[in-house]
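Just so we're on the same page: letters track the sequence lines, and every chain starts at 1.
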Number of protein chains: 2
Amino acid sequence: MNKFHEIFRDLKQRIEQREYPAGSLLPSELNLAQMYSVSRETIRKALRLLLESGYIQKQQGKGSIVLDIQRLQFPVSGLTSFKELQDGQQINSETIVLQNKVETIPRYLAERFHIPEDQQVISLVRLRKISGEVIILDKDYLLRDIVESVPTDAAEISLYDYLEQERQLNIAYAKKEFVVEPITEEDKHYMNLKNDTHVVVVKSEVYLEDTRLFQYTESRHRLDRFKFVEFARRKHSL
Amino acid sequence: MNKFHEIFRDLKQRIEQREYPAGSLLPSELNLAQMYSVSRETIRKALRLLLESGYIQKQQGKGSIVLDIQRLQFPVSGLTSFKELQDGQQINSETIVLQNKVETIPRYLAERFHIPEDQQVISLVRLRKISGEVIILDKDYLLRDIVESVPTDAAEISLYDYLEQERQLNIAYAKKEFVVEPITEEDKHYMNLKNDTHVVVVKSEVYLEDTRLFQYTESRHRLDRFKFVEFARRKHSL
DNA sequence: GAGTGGTCTAGACCACATT
DNA sequence: ATGTGGTCTAGACCACTCA
């Protein structure tokens, strides 16, 4: 729909299909502007998206160098749902909804977020299986002021699809925290933990476009199957 | 030096000092343009930096909402050195250089990066102490084609300061991978591991502006002291 | 010197939220 | 209807790289 977004997608695809191979230079901004019949600033917006997602590296005076996506493959970071992760890779996965009920918010969360102690939340507990093994235990709390209820089959397929498309919620940003914690009885009960004593826990606070908190999640991962990949750029002196 | 960067730093500071308190709106882009005597596009570049670093949330038709930095404090992610992390928080820390020598590249790295097997590297091993305890074991390999040698006191204080300022190297981006691995004899020997069986390992491939690989690092963290915080934005349909 | 990306401008029109 | 941010333009000048 937006010009710069279309150009981004087009260039991205051409890079992925090796039409612009790794190590080569993209056409200059001026050339691209002529090729797509847009202004240079519009090209620059598209290139910025490519830069941020790790497809190119720019050099003043030289040009835009295409990076090696083979090498930098699967950078999986940011605010991405389990479903989207699986779609990106071809992995056979399965979600089992253990719990989907309304309750009052746990006290430690009410305190942490300065929310009334009688706040109602939807409490979801889900198991994530990959190749038949239970790898992840997800515990979600959704504020009931914002979502009244979630159909269990939506929780099974993709919660974010449902919230964004059916409920028209605009998920905007999140604070994520990665820590390692000793296992609980619940972990031991639901996951195939062998002799593990710890799990990796990813705690996320998710906010809407209007800055309202609407979700808190603890995603508990089996140690030996946890992997998080990130593409990072150096920010020179903010 | 750049106008938009100066404006970013100014607005950032005013937000941190609660001149623009959390939940309030910044002046409109048109107003800001007049206040700083610049064009609106320049203001928009500054606001984009604020948006990306989690200081504001924009809403079309409404304005730029200041976010609660108390709540979203210490988002520590991206490509940041140990020194910079410590500077951001007031923690007493110490670095001990265990090794600083030239050797041929380990075979698994030569294969992984398609580098000649006789490539020379600088091999650094460093311990990171926080409050007197050894928390992190850092193993660095720097390609000798790019840096000939590193003074041990530079490795002790800040490697990145030295590389960027003394050596004029432009560090641009990295691929980072977070996994959990069983401990090695080396881990056991140097860190106070108690009964831990695993460590968190952050593996980083660091690249220069001209896209040359120049550093590979394994940062091995004690489980109970590992914490990684990230501010993430939802990317709607790339 | 020619070509590249980086910054900045002044203006236009659109989409959205509020009154 | 007004004001907000989102997109796009055409042009200017600067900083940098490379032949």
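Using cut-offs of 30° and 60° on the angle between ring planes, the pair A:Phe8 and A:Tyr55 is perpendicular.
In this structure, A:Arg44 atom CZ and C:dT4 atom P are separated by 14 Å, rounded to whole Å. Between the P atom of C:dT18 and the CD atom of B:Gln60 lies a distance of 12 Å, rounded to the nearest Å. Put simply, CG on A:Asn31 is 17 Å from P on C:dA2, counting in whole angstrom units. A:Asp210 places its CG atom 16 Å from the P atom of C:dC16, with the value rounded to the nearest Å. The distance between atom CG of B:Asn2 and atom P of C:dG5, rounded to the nearest whole Å, is 18 Å.
Residue-to-nucleotide proximity on DNA chain C shows that, of B:Glu41 and B:Lys62, the 5′-proximal contact is made by B:Glu41. Of the residues near DNA chain D, A:Phe4 and B:Ser64, the one whose nearest nucleotide (by heavy atom distance) lies more toward the 5' end is B:Ser64. In terms of position along DNA chain D, the nucleotide closest to B:Pro27 lies nearer the 5' end than the nucleotide closest to the other residue of the pair B:Pro27 and A:Val38.
When all heavy atoms of B:Ser123 and B:Glu103 are compared, the closest pair comes out as CB-CD, 3.5 Å.
Between A:Ser28 and C:dG3 there is no side-chain polar atom (N or O) within less than 4.0 angstrom of OP1 or OP2.
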If you look only at distance, which donor and acceptor atoms sit under 3.5 Å apart when one is on a side chain in residues 38-49 of chain A and the other is two or more places apart or in another chain?
| from | atom 1 | to | atom 2 | distance (Å) |
| --- | --- | --- | --- | --- |
| A:Ser39 | OG | A:Thr42 | OG1 | 3.3 |
| A:Arg40 | NE | A:Glu29 | OE1 | 2.8 |
| A:Arg40 | NH2 | A:Glu29 | OE1 | 3.1 |
| A:Arg44 | NH1 | A:Glu29 | OE1 | 3.4 |
| A:Arg44 | NH1 | A:Glu29 | OE2 | 3.0 |
| A:Arg48 | NE | A:Glu52 | OE2 | 3.2 |
| A:Arg48 | NH2 | B:Glu52 | OE2 | 3.3 |

Show me, pair by pair, the donor-acceptor contacts under 3.5 angstrom made by side chains of residues 142-155 of chain B, not counting sequence neighbours?
| from | atom 1 | to | atom 2 | distance (Å) |
| --- | --- | --- | --- | --- |
| B:Arg144 | NE | B:Glu148 | O | 2.7 |
| B:Asp145 | OD1 | B:Gln119 | NE2 | 3.3 |
| B:Thr152 | OG1 | B:Asn100 | ND2 | 3.0 |

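With 3.5 Å as the limit, one finds no donor-acceptor pair spanning the side chains of B:Asp210 and A:Gln59.
Taking the six-membered ring for Trp, A:Phe228 and A:Phe178 have ring centres closer than 6.0 Å.
Extent of DNA chain D lying under 4.0 Å from chain A heavy atoms, first and last nucleotide in 5' to 3' order, is D:dT7 to D:dC18.
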